[in-house]
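Here the structure comes first, spelled out in structure tokens, and everything after it is commentary.
Counting starts at 1 for both ligands and their atoms, following the listed order.
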Amino acid sequence: MRIPLRQMTDVARYMMRKKRSGEKYFPLVLMLEPLHACNLACIGCGRIVEYKDTIRDQMPLEEALGAVDEANAPIVSICGGEPLIYKHIVPLTNTLIERRRHVMICTNALLLERFIKQVPPSTYLSFNVHIDGMRETHDRVVDRDGVFDTCVRMIKLLKQNGYRVQTNTTVFRDTTTEEIEELVNLLTSLRVDGMLVTPGYHYQVLSNDIYLKSDEMPHKFKRVKKLAEDHKIINNPIYLEFLTGERDLLCSPWTTVTRNPRGWKGPCYLITNGHYKTFKELHEATDWEYYRTKQDFRCRDCKLHSGFESTPALDFGKNLKDTFKMVRHYVS
Ligand code: SF4
């Protein structure tokens with residue numbers, strides 16, 4: 001199984017409840033960024049540039065918990081910045097687990113050893129370790145030698161101690177298909193529970209040319225799609241077909257909402273029209289249909305995981321072939 005059974009059933013039940021009540025724009029994942037400070041400065045990170053004026057801000061614990069209640073999404077992805085330097089990360093994680101939220105900690109792994117001494121394994125807890133390639137590539141992307149080796153050591157430590165571990169890999173322009181395959185094989189040998197492989201996305205605030213152009217994506221993601229047949233790649237199979245150019249998808253930005261120290265970021269993880277004080281204000285200020293149908297010029301060529309990955313999940317059951325494909329993929 002590529003996704004924990006409890007998480008799949010909780011999300012399915014939640015979606016059925018929302019659909020029955022006639023709600024159309026509901027979140028599946030809350031990207032909770034309680035801070036933007038980081039102990040690395042990765043070359044593709046838009047956060048440390050966009051939020052440089054508030055880089056020292058940290059959300060009070062009550063505010064973080066309040067945001068979780070406001071969105072009421074079944075999955076809470078705690079990211080940043082580096083979430084393990086957030087001063088309330090332990091009570092935040094423990095409280096969310098107690099409240100039966102599926103917590104995903106998105107981390108560069110540098111501070112994991114200290115954290116796992118304070119938070120035991122749980123069905124509701126997963127780590128999402130950032131690893132963008134083999135040693136030379138990853139250390140170049142994070143701009144520090146030795147980080148790749150730490151990631152490998154931490155993945156082994158987490159697995160030995162019974163934690164669920166998945167990885168998050170961004171494919172850049174100069175990532176070769178051979179290197180993707182080498183990394184996937186390595187992660188399989190480390191017994192990771194799932195691998196997310198996504199295209200690098202171009203933040204409004206960055207001007208470097210490291211991101212895949214849309215015509216470069218199919219070649220790289222055809223290899224990822226092939227690898228997904230035998231390895232625990234957790235990208236939705238329909239989303240993979242979108243990345244290989246075999247089909248088009250509409251966007252679902254409301255399914256993955258972002259809350260950070262400035263407020264609710266809208267309309268999506270990638271582009272910022274504003275930060276809103278409440279979740280309700282985010283919804284009132286955002287024309288979801290406009291973004292769903294990719295009418296904004298900033299949506300041109302966008303294939304962002306957090307925008308598109310949930311679109312097939314929302315359509316689950318509508319098309320028999322796609323539904324079968326998703327079930328086969330996730331239970332294998
Ligand atoms: S297409 Fe991309 S940029 Fe546009 S709303 Fe969706 S995720 Fe955001």
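Ligand 1 does not have Asp296 within reach: every non-hydrogen atom of the residue lies 4.0 Å or more from it. Look at Tyr269 and you'll find every heavy atom at least 4.0 Å from all atoms of ligand 1.
Among the atoms of Cys251, no N, O or S atom is found under 2.8 Å from atom 8 (Fe) of ligand 1. At least one N/O/S atom of Cys302, whether from backbone or side chain, sits less than 2.8 Å from atom 2 (Fe) of ligand 1.
Listed by atom number, the atoms of ligand 1 under 4.0 Å from Leu304 heavy atoms are 7 (S). Under a 4.0 Å criterion applied to the non-hydrogen atoms of Phe308, ligand 1 contributes the atoms 1 (S).
Heavy-atom minimum distance, Ala64 versus Met59: CA-SD, 3.6 Å.
Between Trp288 and Tyr25, the ring planes lie tilted relative to each other; the angle falls in the 30° to 60° range. Between Tyr86 and His88, the angle of the ring planes goes over 60°, which puts this pair in the perpendicular group of the 30/60° scheme.
Taking a cutoff of 4.0 Å between a charged side-chain nitrogen and a carboxylate oxygen, Arg153 and Glu113 qualify as a salt bridge. Electrostatic pairing of Asp69 and Arg99 counts as a salt bridge here, judged by a charged N lying under 4.0 Å from a carboxylate O. Contact check on Lys325 versus Glu241 returns a salt bridge, with a Lys/Arg side-chain nitrogen under 4.0 Å from an Asp/Glu carboxylate oxygen.
Among protein heavy atoms, atom 4 (Fe) of ligand 1 sits closest to Cys299 SG, 2.3 Å. For atom 8 (Fe) of ligand 1, the nearest protein heavy atom (residue, atom name, distance) is Cys268 SG, 2.4 Å.
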